[in-house]
Trainee: 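If you scroll down you'll find the structure; I have some questions about it.
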Amino acid sequence: MRAAIVEAPGKLLVREVPEPVPGPYEALCRLIYGATCTGTDQHILRGRFPWPVDYPTVLGHESVGRVERVGERVRHLRPGDLITRVGTPPSGGASATWGGFAEWGLARDHRAMREDGLPEREWSPHRINEIVPPDLAAADATMMITWRETLSYLQRVGVGPGASVLVVGSGGNGLAFAAHAANGGAGRIALVGSAGRERAARAVGATHFADYRGPDPAAATGLGLPGGYDVVIDAVGRRDSLDPFLPCVRDGGAVAVYGVDDWGGVTIRPQRARGSFVWSSRGYDEPEAHDAVVGLMRAGRLRAAPWFEGAGPFALEEIASAFEAVRERRCVKALIRLAPDAAAPGG
C-alpha cells in the first residue's frame with residue numbers, strides 16, 4: 001500500500017509499505033480521508049516536533065477509515081463502520097507518528113480490551129478510535145480530531161456562557177477555540193491572527209479580530225473591554241506569542257498555552273498583567289468530547305468548510321502540494337483523499 005513518509009526533516013514522499021495485519025482486538029480499515037495538522041505534521045516535517053521522532057516515519061493523525069474486517073476478539077466495531085484516528089503501525093522500515101496518511105490502517109476495539117481485563121495502559125490510548133455516525137460525511141469527520149481536542153481543552157480551562165475569550169492564533173486550532181467559545185455562549189470572542197483569516201474567524205463565531213502584524217494587536221483586541229478577558233488562550237505557543245497579551249487578562253482570569261511551537265520555552269513577564277491570574281495546565285482528553293462534537297456537527301454548529309476552503313481536496317500523491325497550500329495560507333487545513341474512489345466532500 002502507499003503511505004506518506006517523512007524520510008528525514010524536509011523530505012516528504014509517498015512510497016510503498018506493507019499493508020497492516022489486524023491482531024485479535026484490531027480492525028483493518030481502508031483509510032478514506034485525512035487532514036493536515038500544522039501543530040503536529042508541520043513540526044515533524046521540519047524536524048521541530050517537541051518529542052522524539054524516529055525517521056523515517058508515516059505521517060498523519062487526523063484520518064478516518066472504514067472497517068473492512070475485524071480480529072476474532074473485536075465486538076464493538078463492525079465492517080462498514082467509519083472510525084476516527086485510524087493509522088498504520090510501523091512497517092517497511094518506517095515508524096508511525098500516528099500513520100494516518102496511508103491507504104490502510106488499524107483501529108482498536110478498546111471497549112473489548114477493557115471488558116476482557118487488559119491493563120489500562122494497553123486499551124486507554126485507543127479510546128481515540130470512535131465510531132462516526134453514518135449521517136456525518138467522512139470528509140467532515142477528519143475535523144473531529146481537532147474539534148474534540150480543543151473542545152475538551154476549552155472546557156477544562158473553564159469557558160462558559162457569558163465568558164470573554166481572547167485567542168492568540170488563527171490556525172486550525174485557534175479557529176476551533178473560537179467556534180467552541182461561540183457554541184458555548186461566550187459573550188465576547190476576540191482572535192488575533194493573520195489578516196487573511198478574519199473572514200474565517202468571523203464565520204466560526206469570533207466577534208472581534210486583530211491582525212497580529214498590526215502596531216498594537218493587544219490594544220486592538222482590548223478596546224471596549226476595560227475589565228479584561230476571562231480567558232486568554234495561546235494557540236501558537238511561540239516563545240513570545242503570549243506575553244504581549246498578558247495585560248488583556250482580567251484580575252483573577254486564566255491563561256493557557258495550547259500551541260507547541262516552542263514547547264517548554266514560552267516566556268512571560270507576570271508583572272505585565274493587571275492583577276493575579278491562573279495558569280491553566282489541565283490538558284485535554286480527546287475522547288471525552290466525542291459525543292458533544294457529534295451533537296454540534298448534527299446541529300450544524302460545527303462545519304468543516306471554513307477550515308478547508310481555498311484549496312483541495314488533494315490526492316495522497318499530492319500531499320506535498322497540500323502542505324504547501326497550508327504554508328502559503330491558501331487554506332487553514334488541507335483535506336487529503338486517501339481512497340481514490342472516496343465520495344466528494346459533503347457527500
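As a basis for the values below, the full set of heavy atoms in this structure was taken, side chains included, without hydrogen atoms, waters or symmetry mates.
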Trainee: So, K333 versus T146: side-chain donor-acceptor pair below 3.5 Å or not?
Mentor: yes
Trainee: Judged by atom type as modelled, is there a donor-acceptor pair below 3.5 Å linking the side chain of S63 to the main-chain atoms of G100?
Mentor: yes
Trainee: Answer with yes or no whether the side chains of S164 and R250 bring together a donor and an acceptor at under 3.5 Å.
Mentor: no
Trainee: Sequence neighbours excluded, which residues qualify as side chain to side chain donor-acceptor pair (under 3.5 Å) partners of N173?
Mentor: none
Trainee: Tell me which one of R148, H290, E286, E130 satisfies side-chain hydrogen bond (donor to acceptor under 3.5 Å, both in side chains) with T84.
Mentor: R148
Trainee: Regarding H43 and D261, do their side chains bring together a donor and an acceptor under 3.5 Å, going by distance alone?
Mentor: yes
Trainee: Not counting sequence neighbours, which residues clear ring pair (Phe, Tyr, Trp, His ring centres under 6.0 Å) with W279? List them please.
Mentor: none
Trainee: Assess whether side chain to side chain contact (heavy atoms under 4.5 Å, CB included) is satisfied between I268 and F277, documenting all intermediate values.
Mentor: CA-CA 12 Å; I268 62 170; F277 60 89; 4.1 Å; yes
Trainee: Between T207 and I189 (side chain of the first, backbone of the second, donor and acceptor by atom type, cut-off under 3.5 Å), is there such a pair?
Mentor: yes
Trainee: Has the side chain of E16 got a donor or acceptor atom that lies under 3.5 Å from a matching backbone atom of M1?
Mentor: yes
Trainee: Under a 3.5 Å distance rule, please check whether R127 uses its side chain to pair with a backbone N or O of P287 as donor and acceptor.
Mentor: no
Trainee: Hydrophobic clusters join Ile, Leu, Val, Met, Phe, Trp and Tyr when side-chain heavy atoms are under 4.5 Å apart, directly or via other members; which others share one with V326?
Mentor: none
Trainee: If we ignore hydrogens and angles and just use 3.5 Å, is the side chain of D116 paired with the main-chain N or O of L118 as donor and acceptor?
Mentor: no
Trainee: Would the distance check show the side chain of R108 and the main-chain N or O of H126 forming a donor-acceptor pair, the cut-off being under 3.5 Å?
Mentor: no
Trainee: Would you please indicate yes or no on a ring centroid separation below 6.0 angstrom for F245 and Y229?
Mentor: no
Trainee: Nearest heavy-atom pair of G237 and V266: which atoms, and what distance?
Mentor: O-CG2, 3.8 Å
Trainee: Can you tell me if D234 and S241 form a side-chain donor-acceptor pair at under 3.5 Å?
Mentor: yes
